[in-house]
Amino acid sequence: MAEEHNEHQLPLEELMKIRRAKLEDLYKQGINPYGERFERTHLAREIIDHFDQLAETETRIAGRIMSFRTHGKASFADLADQSGRIQLYIRVDQVGEAKYEQFCKLDIGDVVAVYGRIFRTRRGEISVEVYDFLMMAKSLRPLPDKWYGLKDVEIRYRQRYLDLIVNPDVRKVFETRSRIIQALRGYLLERGFLEVETPMLNVIAGGATARPFVTYHNALDMDLYMRIAPELYLKRLLVGGFERVFEIGKNFRNEGISTKHNPEFTSVEIYQAYADASDMMKLTEELVAYIAQEVLGTTEVQFGDYTVNLAPPWPRLPMLEAVRQYAGVDLAGLSDAEARAAAREKGLEIDPDASYAQVLEELFDTYVEPNLIQPVFITDYPVEISPLAKRKKDNPQLTERFEPFVVTWEIGNGFSELNDPIDQLDRFRKQVEKRESGDEEAHMMDEDFIVALEYGMPPAGGLGIGIDRLVMLLTNSRSIRDVILFPHMRPKG
RNA sequence: GAGCCAUUAGCUCAGCUGGUAGAGCACCGGACUUUUAAUCCGGGUGUCCCGCGUUCGAAUCGCGGAUGGCUCACCA
């Protein structure tokens, strides 16, 4: 049975067996294949960038072997560290037969530390001639193809480390993501905003219209929700006297997965006391333009076939006006029934008891959204779908709310925060009614939040930005999975 | 949740109207002291995603399933 198994070995098993044999050899030679602390003097990039000063000097570098070109008594290899790649050169008459042979027995994927001399080859390639090297980690599995890289998206996401090793562009996206968040944080701190953290485990999942994940606390013997937004906690902080706060963090929504949706995603929410929606629009356009400038060096962004200019100011377009322009339907002053009729006339399928606001949303999604390429603020959302936003002074059916759109996506949401506890309570009650009639996404009653408002919350502007989508926009990424290191995947059956 | 498509060597991919599986890289052996997708000589290492069926015969056709991708629905 066992013998038969050996005869019909899988290629992968055979490749791994060879590497394990090399591992055993290293131990036999008294070499630890899994090394320790090593003090580097340079990264690959530094050597290449400062070759003029570094030529013929000694260096200590470390990284992963990415390829080999052996030539008998002298050989080449490429070494990759976090900064990039550099070529290694080794000669038997420099290091001796034993060391040379040990080098030639390295595998692609092995992590090594090198003592050597910086020089340029005859063909002009900046290289390090190896004087000595140490094993840092023996690699026991073969890496994906060095030329074609790794394309299987399932492996790319499930084993992101492989994707990062062999696909350099992927690394760049995540470096850019980090710089975007750094620029965002820097911009806000600079303007006196305080960075805070609020609970991810919520007794009530509030602050957004979404289905939450439910989890369970053993000691308390109760269900808890993963937060769907930090909004209601951040506004409690406004009550507490923090007048400018922001939080960067994960939200969790128990909804479908798509190229634009991951069950956990990162947002920034920003609150500024004594400001309103128009202040937050200014903040939005300036913040996004600043990030683009810092990270890309320009506010002109290429996304697919589009060139988008993020420089402020962005136009403001009321939702009703947008629907009039793009759908050719004027819903102003219509009743629910009239609105439904108008939408049906356009050929939309409309639920018989859809409200005016639902019809408006439907028309907007179908006819307006696909046209919003250049950045624009859609404003004046109906109160029915904006339960946390202040009403417009001249029209209580609408709110001082806006959503920034770019390349057809909604990248954020902001408004003048409702600070009237009585109106807020009323809005919660309406949401609870929806919930009880089966709308699992409707808001829950948050009495503690009402209590907080009853103490008095200063009027404030609030803003949320979906960071993943912002990163997609600024890295020309088509799928949210390309900007999240470990996107959600179904467990392997 | 629905529709369409995909799954073949470690990786990237061929494989015709059904005849029993191939290439490049990687890997193994050999040559080569400045190469760079090194080159040259030799070696194919496989549960063709899984199961059932049709058939003399299935990677190929049918049905069911798994996983993934895209589109739609919901949302940020």
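Naming: A, B, ... by sequence-line order, numbering from 1 per chain. The structure displayed is predicted, hence computed values, not measured ones.
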Practice prompt. Measure the distance from CG on A:N254 to P on B:A76 and round it to the nearest whole Å.
Written response: 15 Å
Worksheet item: Less than 4.0 Å between a side-chain N and a carboxylate O, is that true for A:R236 and A:D446?
Response: yes
Fill in: Side-chain H-bond candidate by donor/acceptor type, A:Y100 with A:S75, under 3.5 Å
yes
Item to complete: Starting from C1' on B:G68, measure out to CZ on A:R158 and report it in whole angstrom.
Response: 8 Å
Discussion item. Main chain of A:R141, side chain of A:R19: is a donor-acceptor contact present, judged purely on distance under 3.5 Å?
Written reply: yes
Worksheet item: Does the salt bridge (Lys or Arg N to Asp or Glu O under 4.0 Å) test come out yes or no for A:K22 and A:D25, once each step is laid out?
Response: CA-CA 5 Å; A:K22 289 185 184 177; A:D25 278 352; over 6 Å; no
Worksheet, complete the sentence: Separation of B:G68 atom P from A:L150 atom CG, nearest Å, is 16 Å
Discussion item. Taking B:C27 as the reference, what is the distance to B:C11 when you measure between their C1' atoms (whole Å, please)?
Written reply: 12 Å
Worksheet item: What's the OH-C1' distance between A:Y148 and B:C13, to the nearest Å?
Response: 8 Å
Discussion item. With rounding to the closest Å, how many angstrom separate the P atoms on B:G19 and B:A59?
Written reply: 10 Å
Practice prompt. Sticking with atom C1', work out how far B:A14 lies from B:U35, rounded to a whole angstrom.
Written response: 31 Å
Worksheet entry | Rounded distance in Å between the P positions of B:A9 and B:U60 | 15 Å
Practice prompt. Can you tell me, in whole Å, how much space there is between the P of B:A21 and that of B:U12?
Written response: 23 Å
Item to complete: Rounded to whole angstrom, note down the C1' distance from B:A23 over to B:G62.
Response: 31 Å
Discussion item. Between B:U55 and B:G44, how many Å separate the two P atoms, rounded to a whole number?
Written reply: 37 Å
With 3.5 Å as the limit, what N/O pairs link the protein to nucleotides 49-51 of chain B?
none

Discussion item. Looking only at the side chains, is there a donor atom on one of A:S267 and A:N251 sitting less than 3.5 Å from an acceptor on the other?
Written reply: yes
Worksheet item: Do we see A:F265 stacking on the base of B:A76, given a limit of 5.5 Å between centres and 30° between planes?
Response: yes
Worksheet item: On the ring face of A:Y367, is A:K346 found with NZ or CZ under 6.0 Å from the centre and within 45° of the axis?
Response: yes
Discussion item. By nearest heavy atom, map A:S479 and A:A208 onto RNA chain B; which one lands nearer the 5' end?
Written reply: A:S479
Fill in: Interatomic distance, A:I155 CD1 vs B:G10 C1' [rounded to whole Å]
9 Å
Item to complete: Give A:G464 one of three labels, base, sugar-phosphate or nothing, depending on what nucleic acid heavy atoms sit under 4.0 Å from its own.
Response: nothing
Discussion item. Quick one about A:E231 and A:Y233 (side-chain donor to acceptor, distance below 3.5 Å, no hydrogens or angles considered), yes or no?
Written reply: no
Discussion item. Please report the distance, rounded to the nearest Å, between CD in A:E410 and P in B:A76.
Written reply: 5 Å
Worksheet item: Atom CG of A:N262 to atom P of B:G68: distance rounded to whole Å?
Response: 13 Å
Discussion item. Return the pairing partner of B:A66 with a 3.5 Å limit on both distances, Watson-Crick or G-U wobble; otherwise return none.
Written reply: B:U7
Fill in: P spacing across the pair B:G43 / B:C50, given as an integer number of angstrom
30 Å
Practice prompt. Identify the nucleotide, in any strand shown, that forms a Watson-Crick or G-U wobble pair with B:U33, with both distances under 3.5 Å; if there is none, say none.
Written response: none
Discussion item. Within the 3.5 Å criterion, strictly below it, is a donor on A:S355 or A:E384 matched to an acceptor on the partner's side chain?
Written reply: yes
Practice prompt. Output yes when A:K250 and A:E264 qualify as a salt bridge under the 4.0 Å nitrogen-oxygen rule, no when they do not.
Written response: yes
Item to complete: Return the nucleotide paired to B:U12: Watson-Crick means purine N1 to pyrimidine N3 with N6-O4 or O6-N4, wobble means G-U with N1-O2 and O6-N3, both under 3.5 Å.
Response: B:A23
Discussion item. Once you apply a heavy-atom cut-off of 4.0 Å, does A:M16 come out as touching a base, just sugar-phosphate, or nothing?
Written reply: nothing
Response to the item:
So, with a heavy-atom separation below 4.0 Å from RNA chain B, the residues of residues 401-409 of chain A are none
Worksheet item: If you check every side-chain atom of A:L12, which of B:A76, B:G68, B:G10 has the closest atom?
Response: B:G10
Practice prompt. Classify the side-chain pair A:E125/A:Y89 by whether it contains a donor and acceptor separated by less than 3.5 Å.
Written response: no
Fill in: For atom CZ of A:R478 and atom P of B:U71, their distance in whole Å
10 Å
Item to complete: Flag this pair as yes if the NZ/CZ of A:R160 is under 6.0 angstrom from the six-membered ring centre of A:F174 and inside a 45 degree cone about the axis; otherwise no.
Response: no
Response to the item:
Scoring nucleotides 27-36 of chain B by protein non-hydrogen atoms under 4.0 Å (B base, S sugar-phosphate only, - none) yields SS---BBBBB
Item to complete: Look at the side-chain N and O atoms of A:K146 and state whether any lies under 4.0 Å from the OP1 or OP2 oxygen of B:G10.
Response: no
Worksheet item: With a cut-off of under 6.0 Å to the ring centre and 45° to the axis, is A:R60 in cation-pi contact with A:Y115?
Response: no
Worksheet entry | Under 3.5 Å on both distances, the Watson-Crick or G-U partner of B:G1 | B:C72
Fill in: Ring-face cation contact, A:F415 with A:K390, 6.0 Å cut, 45° max
no
Practice prompt. Give a yes or no on whether the ring-centroid distance for A:Y161 and A:F486 is below 6.0 angstrom.
Written response: no
Worksheet item: In the structure shown, which nucleotide is the Watson-Crick or G-U wobble counterpart of B:A59, with both distances under 3.5 Å?
Response: none
